[in-house]
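In what follows, chains carry the letters A, B, and so on, assigned in the order in which the sequence lines appear, proteins first and then strands, with residues in each chain numbered from 1.
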Number of protein chains: 2
Amino acid sequence: MSKATDQNGTPVPQRLLAAATRLFAERGYDRTSVQEIVEAAGVTKGALYHYFGSKEDLLQEVYARVLRLQQERLDAFANAEAPVEERLRDAAADVVVTTIDNLDDASIFFRSMHHLSPEKNKQVRVERRRYHERFRALIEEGQRSGVFSSATPADLVVDYHFGSVHHLSTWYRPDGPLSRQEVADHLADLLLRALRP
Amino acid sequence: MSKATDQNGTPVPQRLLAAATRLFAERGYDRTSVQEIVEAAGVTKGALYHYFGSKEDLLQEVYARVLRLQQERLDAFANAEAPVEERLRDAAADVVVTTIDNLDDASIFFRSMHHLSPEKNKQVRVERRRYHERFRALIEEGQRSGVFSSATPADLVVDYHFGSVHHLSTWYRPDGPLSRQEVADHLADLLLRALRP
DNA sequence: ACCGGCAGACTAACCAGTCGGTATGTCATC
DNA sequence: GATGACATACCGACTGGTTAGTCTGCCGGT
């Protein structure tokens, strides 16, 4: 136990991030006081401001983490060796599963993004745009090769699908009738069916 | 000019509601101070607390208004004399158009609902559920009669579509390449295409 | 004379961020 | 292997600023 850890061995910065994620998702960014975060993490304000510049930095870090993860996974599926329709289906289903696995991150993402300062907001939007474009490229590839209908602009199709993904945190309940994989399969199926020529 | 109006003739409660709607959408509920609302409405706190019990009541009233409007329109389309697929298409497209017409209400709705107290939140959820169920019934009707595929549970289809509607406030820009009617037609088309048997 | 409609000063609570201080660890030097 | 210099990790009281809601009272209509 050399530094920055407690009895359970998790480093303080990670504990703070975890506590903040849970609380931000539960009560919202503005309604969560710094005091509550540090108490949940078992430290004090001094520790928080030692590792993070501000409360906002904490929020941005939550975003950065989830964005990195999703982009990584999308790239892996999109660049795989398989027919377009299969790659799209896999990518579309995967983002649903990982979103369900991190519902807290998801609800923070779409409810608290506008709480970031303009610069940080811009930074997040840039990252998000890259993700969007990779997904769109996949759809356009299928449209060019004729396996997907070109009736709808690819951009709109992407927004259609990600609307439903963001919406997951509103209605999905782990104890509901459908498992995350079933939901993912259904939503991917809806996307592919909408794209049939 | 007898009471509760100013130079432009709009009653004070409505001016307060309009100012609150705009500001809540712009900066979020928590970031909007009561002082800012009353200044935007051209009155003072005394006036606000004369008509509304609390800041939260103001938010709830915004919800109630938009819910009534949407429910009314859905019922009209769903109960019309026409084939199911046409009624669903019309209803699905209409909710997109009216959402775009009231983007402020939409973003408040999905970003600030969790700021309501538990009781008021429950009340809103009940209303929202009725809306959801009317829409679902429409899809189930089509599934039973065989014009829609039954591959996906109707519930999930509804959430899929409303996810995209909710998401509109994130990406739709009035000065973008697509008019609200074009967006509505495309989104309704995607829904209907996904439901093809 | 009374009352709805409103003004605006006031209060009690809260909160992000600061800052001086302490404890523990590391490393160079003798 | 003792000593001192310095750094890292953290504590917690304090501050300056903000905010929702209250309350007293004025004002114009009936």
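- Separating the CD atom of Glu39(A) from the P atom of dC11(D) is a distance of 12 Å, rounded to the nearest angstrom.
- Judged by distance alone, the side chain of Glu56(A) and the main-chain N or O of Ser117(A) form a donor-acceptor pair under 3.5 Å.
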Begin from the C-alpha positions of Phe77(B) and Phe135(B) and carry the test ring pair (Phe, Tyr, Trp, His ring centres under 6.0 Å) through to its verdict. CA-CA 10 Å; Phe77(B) 283 107; Phe135(B) 208 90; over 10 Å; no
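- Remark: C1' of dG17(C) and CG of Asp57(A) are 12 Å apart, rounded to the nearest angstrom.
- Distance from the side chain of Tyr49(A) is smallest for dG17(C) among the nucleotides dG21(D), dA9(D), dG17(C).
- In this structure, Tyr51(B) atom OH and dG21(D) atom P are separated by 19 Å, rounded to whole Å.
- With hydrogens and angles ignored, the 3.5 Å screen pairs a side-chain donor or acceptor of Arg196(B) with a backbone N or O of Arg193(B).
- Here the two rings, on Phe24(B) and Phe109(B), have centers that are 6.0 Å apart or farther.
- Atom P of nucleotide dA9(D) and atom CD of Gln14(A) are separated by 14 Å, given to the nearest angstrom.
- Between the CG atom of Leu48(B) and the P atom of dG8(C) there is a distance of 15 Å, rounded to whole Å.
- Contact between the side-chain N/O atoms of His50(A) and the OP1/OP2 oxygens of dA9(D) is found at a separation under 4.0 Å.
- Whole-Å rounding puts the Phe52(A) CZ to dT18(C) P distance at 16 Å.
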Letter per nucleotide, 5' to 3', of nucleotides 12-19 of chain D [B base touched, S only sugar-phosphate touched, - untouched; heavy atoms, 4.0 Å]: B------S
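- Residues Phe110(A) and Phe110(B) keep their aromatic ring centres 6.0 Å or farther apart.
- Geometrically, Lys55(B) engages Tyr29(B) in a cation-pi contact defined by less than 6.0 Å to the ring centre and at most 45° from the axis.
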